[in-house]
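Report on one structure; see the data block that follows.
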Amino acid sequence: MRPLEKGARLVVASHNPGKVREIDDLLRPLGFAAVSAGELGLPEPVEDGATFAENALIKARAAASASGLPALADDSGLCVDALGGEPGIHSARWGGPDKDFAMAMRKVEDRLQEAGATTPERRKAHFACALALAWPDGEAEVFEGQVHGHLVWPPRGEKGFGYDPVFQPNGHDITFAQMDPRKKHAMSHRARAFEKFLAALRAASAR
């Protein structure tokens, strides 16, 4: 991976305010100036990849090409064991065109009830994140992370976004949406992908 200079402007290739805020929180201590694709008025590309990594690359490359700046994109979602890994890469789409995650969480719960998944063991799930860094010339790297837990019902907490109110990570008795955001950021799937991103940045800078 080629090095990034401290203070460099990075485009966060997302129009999701919650995701942009979370990525910005992780970037700020590194000395990077983050600007979102939404702020720059960049169009949202069609995410037709078959995996989180493919979709992250589509978004990062599109934003880098349109802005002329390095771009960082993530594709992430909830994978539920009892549902064969769904909603997976379609996690946002389960909320419909308005990305109504209350509806999406209800849909997941209805499917779990139909599957007879009523115990924590039967309700295992994980959040997955693929983080892609792309340059305007098309070069790119992908870093992936996961966090495991199980789903609860009804939703609990108001501090998170997306499926956070129904996801209880292993080793904790509260959901991501009940957790202090700093604590969640330190252990989330996104944070684990960022750890790999940071390691690659350090290695590139040390060359």
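Because only heavy atoms are used, hydrogens play no part in the values below, and waters and symmetry mates are left out as well, while side chains stay in. The shown structure was predicted, so the numbers you read here are calculated from the model rather than taken from an experiment. Numbering of residues begins at 1 and proceeds along the displayed sequence.
Summarising the geometry of L4 relative to P70, their closest heavy-atom pair is CD2-CG, 4.0 Å, with the distance given to 0.1 Å. Closest approach of A56 to A130, counting heavy atoms only: CB-O, 3.4 Å. Minimum interatomic distance between H150 and P120 (heavy atoms only, all atoms of both residues): CB-O, 3.7 Å. Heavy-atom minimum distance, H172 versus K183: CE1-CE, 3.7 Å. In this structure, A117 and R122 approach most closely via the heavy-atom pair CB-O, 3.4 Å. Nearest heavy atoms, A73 versus K59: CB-CB, 3.7 Å.
The distance from atom CD of Q146 to atom CZ of F52, rounded to the nearest 0.5 Å, is 8.5 Å. Taking NE2 of H185 as the reference point, atom CG of D180 lies at 9.0 Å (rounded to 0.5 Å). With rounding to the nearest 0.5 angstrom, the CG atom of N170 is 8.0 Å from the NE2 atom of H148. For the atom pair D75 CG and E54 CD, the distance stands at 10.0 Å (nearest 0.5 Å). Here the CD-CG distance, from E141 to L201, works out to 10.0 Å after rounding to the nearest 0.5 Å. Taking CD of E47 as the reference point, atom CG of L57 lies at 11.5 Å (rounded to 0.5 Å).
F161 and F101 have their aromatic ring centers separated by at least 6.0 angstrom. Residues F143 and F194 keep their aromatic ring centres 6.0 Å or farther apart.
When side chains are defined from C-beta on, R156 does not count as touching P165, because their heavy atoms never get closer than 4.5 Å. Inter-residue side-chain proximity for E144 and L131 is flagged as unmet; no heavy-atom pair is nearer than 4.5 Å. Put simply, the side chain of L27 reaches to within 4.5 Å of the side chain of V12, judged on heavy atoms. With contacts defined as side-chain heavy-atom distances shorter than 4.5 Å, the pair I23/R190 qualifies. A 4.5 Å side-chain heavy-atom check between D24 and F32 finds every atom pair outside the cut-off. Side-chain contact between P87 and V80 is present, with at least one heavy-atom pair separated by less than 4.5 Å. Counting heavy atoms from C-beta on, the side chains of L112 and T118 never come closer than 4.5 Å. The side-chain heavy atoms of V166 and T175, taken from C-beta on, include no pair separated by under 4.5 Å.
If you chain together hydrophobic residues whose side chains sit under 4.5 Å apart, L83 and M105 fall into the same group. Tracing side-chain contacts under 4.5 Å through hydrophobic residues (I, L, V, M, F, W, Y), one never reaches V108 starting from I89; they form parts of separate clusters. Under the 4.5 Å side-chain heavy-atom criterion for ILVMFWY residues, no single connected hydrophobic cluster contains both I58 and V11. Taking hydrophobic clusters as Ile, Leu, Val, Met, Phe, Trp and Tyr residues chained together by side-chain heavy-atom distances below 4.5 Å, V142 does not share a cluster with F127.
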Given the rule in the side chain to side chain contact (heavy atoms under 4.5 Å, CB included) test, do V147 and M187 qualify, once you have shown the distances and angles that lead to the verdict?
-> CA-CA 8 Å; V147 61; M187 62 174 291; 4.3 Å; yes
Verify salt bridge (Lys or Arg N to Asp or Glu O under 4.0 Å) between D137 and R2, making sure each step is shown before the conclusion.
-> CA-CA 12 Å; D137 63 5; R2 71 177 74 166; 2.7 Å; yes
Start with the C-alpha gap between L133 and L10, add the side-chain angles, then the distance that decides, and say whether side chain to side chain contact (heavy atoms under 4.5 Å, CB included) holds.
-> CA-CA 9 Å; L133 175 66; L10 276 176; 4.0 Å; yes
Side chain to side chain contact (heavy atoms under 4.5 Å, CB included) evaluation trace for V35 with R9 | CA-CA 7 Å; V35 58; R9 289 182 80 207; 3.8 Å; yes
Side chain to side chain contact (heavy atoms under 4.5 Å, CB included) between W153 and R106, intermediate numbers included | CA-CA 9 Å; W153 194 262; R106 178 79 253 183; 3.6 Å; yes
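Side-chain atoms of S91 come within 3.5 Å of backbone N or O of G88 as a donor-acceptor pair. Side chain of S65 to backbone of R61: no donor-acceptor contact under 3.5 angstrom is found. A donor-acceptor contact shorter than 3.5 Å links the side chain of N55 to the backbone of G49.
Ion pair K184/D164 flagged as a salt bridge, since at least one NZ, NE, NH1 or NH2 atom sits closer than 4.0 Å to an Asp/Glu carboxylate oxygen.
Using cut-offs of 30° and 60° for the angle between ring planes, the F176 and H189 rings count as parallel.
Residue pairs meeting the salt bridge (charged side-chain N to carboxylate O under 4.0 Å, His left out) criterion with at least one partner in residues 76-105, sequence neighbours excluded, are E86-R111.
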